[in-house]
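The next block holds one structure in the form of structure tokens; read it before the comments.
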Amino acid sequence: MLRLHDTATGSVRPLALRDPGRFSMYVCGPTVYEVPHLGHGRFMLVFDVLRRYLTFTGLDVVHVCNVTDIDDHIIERAAREGRREPEIAAEYEARWWEAMDALEVLRPTAVPHATAYIEGMVDLVADLAARGSAYETDDGVYLQVDTIDGYGLLAHQPLESLRAGARVESSAQKRSPLDFALWKKAKPGEPTWPSPWGEGRPGWHTECVVMSLSLLGEGFDLHGGGQDLIFPHHENERAQAVAVGKDFAHHWLHNGWVTVGGEKMSKSLENFTTIAELLERGDARAYRLLVLRAHYSSPLEVTPETIADAEKALDRLDALARRLSLADPMDGPVVREHSAAAPAGVDEDAVSRFCVRMDDDLDTAAAMGLVFELVNRAHAAADAGETPAAQRLGATVALLCGALGLRLRATAGEVDEATERLVSERDAARRARDFERADALRDELVAAGWTVEDGPDGTIVRR
RNA sequence: GGCGGCGUGGCCGAGUGGUUGAGGCAGGGGCCUGCAAAGCCCUUUACCCGGGUUCGAUUCCCGGCGCCGCCUCCA
């Protein structure tokens, strides 16, 4: 069974499933007003890997990831560009999924949008007010955090310390700087929805409470996101659930930052690289591999150097796939139970060692270490002429890469006719032992950007 | 100020109370190859500092130093 760090308890503990065989998780998704950067890519990859791994172990995974399609940033951008908010949201959501598709992040099983749940949010806020946990001011409705049992649980700080450190200016009518907006009363020109407190829109922290409980029900298994969501976002979500007496997430999981020069990559620091920029330069799989080679909770330094490093490592996997003609593990569903039926069979011992590592708080870095160990053994077996053993190890590599969402490329890619001709010409020259001619042809191919490999079955070119 | 994280070889990055501390990249030597490429074999380099606990600590505890983060929108 998978053991995972739980932010609520600060310890690694077994992931307990509410429903046997079924895993439910809610991951806080994007506010769609800007293109996604590598930090977003990381958290989506981390939870994608969690999902894939649990699927691999035979669980049914329900993965909800919301889209915040109304908030201050969207309104601001719409105003600046003289456009309507839904148009902004739709545009950036499209670009979000485009990037995630390119990273081969599986589409979540449900993608609720905040604006589709306004009524539920109004009901929740009314409920909170009726219970005396919320109060109305001139500009909105606020949750009074000192009415919440255990406020500060996720932040691991008592209410007093949080209050002492609060940097936010307390508005005149807020009873505490930590009280947060559940409902914001309409300002001129903003999109609004009706409510008992007049026209307005919901505060950010409310949507996830309503959407997670609506789609997953009480006591769902896991709630996740980046570490910067721990406080105040997740703390405030939890506060609302506690106030209305709902059993909320049973496990909280947060991933570490992408860093640049040791600093957090973020929109506000403007030190971000977009996913689109990454994809222009290189293989999307290299980023997944880079993410996999670090523990999800650690900061991850992303630079052209670390990406190039990952691309080299990827070459090593692809080289094995080419040598053994491994099937791309991403072509079909990758479920452990099916593995025994794989044509060449797999090394069950390696698979269980892999699972031990993954079950230990999703230690993908150690798991990848094992995969590369298998790559080495597969090559060594092939060198020794032990074909069945090599195939078996290769099939295991493919299976495990598939469990992590890492595609293998056994083919060299499209080779055009002119190149094809040069290759066969060179083969002919080599057969005739005309090496001068063969080398000249290779130079020509290399100049065109090809890598030339003379194998036992003839020459392969690849880019 | 409060709270939390991190500090491992040239780089990235796991892990562990103990004879031989993953893995990738990079470097060196060799094998294979017509020469390469790919691959294989061998190999160089590390646990921030100071105490403590221990037969023994990189791993546990305490104290430093350094870096980063959260406490405000933020994955």
Side-chain angles (χ1 to χ4, degrees), chain A residues 7 10 27-31 34 36-47 71-73 152 154-158 160-169 177-178 204 224-233 235 254-259 261-269 272 289-290 293-295 297-303 305-320 322-323 357 360 363-373 375-376 378-384 430 433-436 438-439 442 446 450-455 459-462:
Chain A
T7 308
V27 182
C28 283
T31 300
E34 183 57 277
H37 61 62
L38 297 183
H40 301 112
R42 184 183 190 188
F43 95 81
M44 288 297 280
L45 284 166
V46 163
F47 287 97
D71 98 312
D72 291 348
H73 294 106
L154 293 174
H156 291 286
Q157 293 212 64
E160 290 65 39
S161 322
L162 287 166
R163 205 195 310 267
R167 284 177 284 171
V168 59
E169 286 292 314
L178 295 174
W204 176 41
Q227 283 171 356
D228 49 359
L229 294 184
I230 296 171
F231 192 92
H233 185 54
E235 190 75 56
H254 296 94
N255 65 277
W257 319 123
V258 167
T259 60
E263 282 193 321
K264 178 188 175 190
M265 176 176 288
S266 74
K267 287 172 188 164
S268 50
L269 287 175
F272 61 88
L289 182 56
L290 189 58
R293 290 201 311 176
H295 191 260
S297 64
S298 305
L300 177 67
E301 184 72 13
V302 181
T303 63
E305 288 72 32
T306 62
I307 290 171
D309 185 293
E311 278 175 344
K312 291 278 188 57
L314 198 56
D315 282 345
R316 195 165 156 72
L317 291 173
D318 286 345
L320 183 73
R322 283 196 305 276
R323 182 175 191 182
R357 292 166 187 215
D360 179 15
D363 192 350
T364 56
M368 281 314 302
L370 171 66
V371 169
F372 280 104
E373 218 176 284
V375 169
N376 181 270
H379 276 304
D383 282 356
R430 289 184 66 230
R433 304 193 65 79
D434 180 358
F435 297 123
E436 214 172 300
D439 288 351
R442 178 168 57 203
V446 168
W450 296 96
T451 299
V452 181
E453 273 184 43
D454 299 330
T459 296
I460 296 171
V461 289
R462 63 191 165 87

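Below, read A as the first sequence line, B as the second, and so on, with proteins coming before strands; counting in each chain starts at 1.
Looking at heavy-atom distances under 4.0 Å, A/Q227 makes no contact with the nucleic acid at all. Looking at heavy-atom distances under 4.0 Å, A/A294 makes contact with sugar-phosphate atoms alone, never a base. Looking at heavy-atom distances under 4.0 Å, A/G39 makes contact with a base. Within 4.0 Å of A/P299, counting heavy atoms only, lie sugar-phosphate atoms of the nucleic acid but no base atom. Residue A/H295 is in sugar-phosphate contact alone, with no base atom involved, counting any heavy-atom pair closer than 4.0 Å across all strands shown. Using a 4.0 Å heavy-atom distance criterion, A/V258 is classed as a base contact. Nucleic acid contact for A/M265: base, since at least one base atom lies under 4.0 Å from a heavy atom of the residue. Among the atoms of the strands shown, none is found under 4.0 Å from any heavy atom of A/G41. Residue contacts shown for A/S298 are limited to sugar-phosphate atoms, with no base heavy atom under 4.0 Å away. Using a 4.0 Å heavy-atom criterion, one finds that A/A365 contacts the bases of the nucleic acid, with or without backbone contacts as well.
Proximity of A/K264 to the phosphate of B/C70: a side-chain N or O atom is located under 4.0 Å from OP1 or OP2. Look at A/K267 and you won't find any side-chain N or O under 4.0 angstrom from OP1 or OP2 of B/C73.
To the nearest angstrom, P of B/G2 lies 18 Å from NE2 of A/H156. Across the protein-nucleic acid pair, A/R293 atom CZ and B/C25 atom P stand 8 Å apart, rounded to whole Å. Taking atom CZ of residue A/R163 and atom C1' of nucleotide B/G1, one finds them 16 Å apart after rounding to whole Å. The separation between A/L229 atom CG and B/G4 atom C1' is 16 Å, rounded to whole Å.
Candidate nucleotides B/U72, B/G13, B/G15 were compared by shortest atom distance to the side chain of A/P232, and B/U72 ranks first. With B/A14, B/G2, B/C70 as the choices, the nucleotide that has an atom nearest any side-chain atom of A/D363 turns out to be B/A14. The side chain of A/E263 approaches B/C68 more closely than any other nucleotide in the set B/C68, B/A14, B/C25.
Pair assignment for B/U19: none, as no Watson-Crick or G-U wobble contacts are both less than 3.5 Å. Under the Watson-Crick or G-U wobble criterion, with both distances below 3.5 Å, B/G1 is paired with B/C71. With a cut-off of 3.5 Å on both pairing distances, the Watson-Crick or G-U wobble partner of B/C6 is B/G66. Under the Watson-Crick or G-U wobble criterion, with both distances below 3.5 Å, B/C35 has no partner in any strand shown. Nucleotide B/C40 forms a Watson-Crick or G-U wobble pair with B/G30, both donor-acceptor distances falling under 3.5 Å. Under the Watson-Crick and G-U wobble criteria, each requiring two contacts below 3.5 Å, nucleotide B/C60 is paired to B/G52. Using N1 to N3 plus N6-O4 or O6-N4 for Watson-Crick, or N1-O2 and O6-N3 for G-U wobble, each under 3.5 Å, B/U45 pairs with nothing.
Comparing the P positions of B/C61 and B/C73 gives an interatomic distance of 34 Å, to the nearest angstrom. When the C1' atom is compared between B/A57 and B/G52, the two are found 11 Å apart, to the nearest whole Å. For the P atoms, the distance from B/C55 to B/C71 is 46 Å, rounded to whole Å. Rounded to whole Å, the separation between the C1' atoms of B/G21 and B/C3 comes to 33 Å. Spacing of P atoms, B/U19 relative to B/U59, comes out at 14 Å, to the nearest Å. B/G24 and B/U8: their C1' atoms are spaced 15 Å apart (whole Å). With C1' as the reference atom, B/C60 and B/A22 are 22 Å apart, rounded to whole Å. Straight-line distance between the P atoms of B/C32 and B/C41: roughly 15 Å, to the nearest whole Å.
If A/L300 and A/S266 are placed on RNA chain B by their nearest nucleotide, the residue sitting closer to the 5' end is A/L300. Judged by closest nucleotide on RNA chain B, A/E373 is the one of A/E373 and A/S268 placed further toward the 5' end.
Between A/F43 and A/F47, the ring-plane angle classifies as perpendicular under the 30° and 60° cut-offs.
What you find for A/S161 and A/Q157 is that their closest heavy atoms are CB-OE1, 3.2 Å. The minimum heavy-atom distance between A/T259 and A/P299, with the atom names listed, is CG2-CB, 3.8 Å. Heavy-atom minimum distance, A/A365 versus A/R293: CB-O, 3.2 Å.
A donor-acceptor contact shorter than 3.5 Å is absent between the side chain of A/R163 and the backbone of A/P158. In terms of modelled atom types and a separation under 3.5 Å, the side chain of A/E301 and the main chain of A/G261 share a donor-acceptor contact.
By the ring pair (Phe, Tyr, Trp, His ring centres under 6.0 Å) test, A/H379 is found to be paired with no residue, residues two or more places apart in sequence or in another chain being considered.
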May I have the step-by-step check of side-chain contact (heavy atoms from CB on, under 4.5 Å) for A/T459 and A/E453, ending in yes or no?
CA-CA 6 Å; A/T459 296; A/E453 273 184 43; over 6 Å; no
How would you summarise protein contacts on nucleotides 32-41 of chain B per nucleotide, using B for base, S for sugar-phosphate only and - for none, with heavy-atom distances below 4.0 Å?
--BBBBSSSS
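Salt bridge annotation for A/D318-A/R462: absent, with no cationic side-chain nitrogen under 4.0 angstrom from a carboxylate oxygen.
For the side chain to side chain contact (heavy atoms under 4.5 Å, CB included) with A/L290, the lone residue among A/L45, A/V258, A/I307 that qualifies is A/I307.
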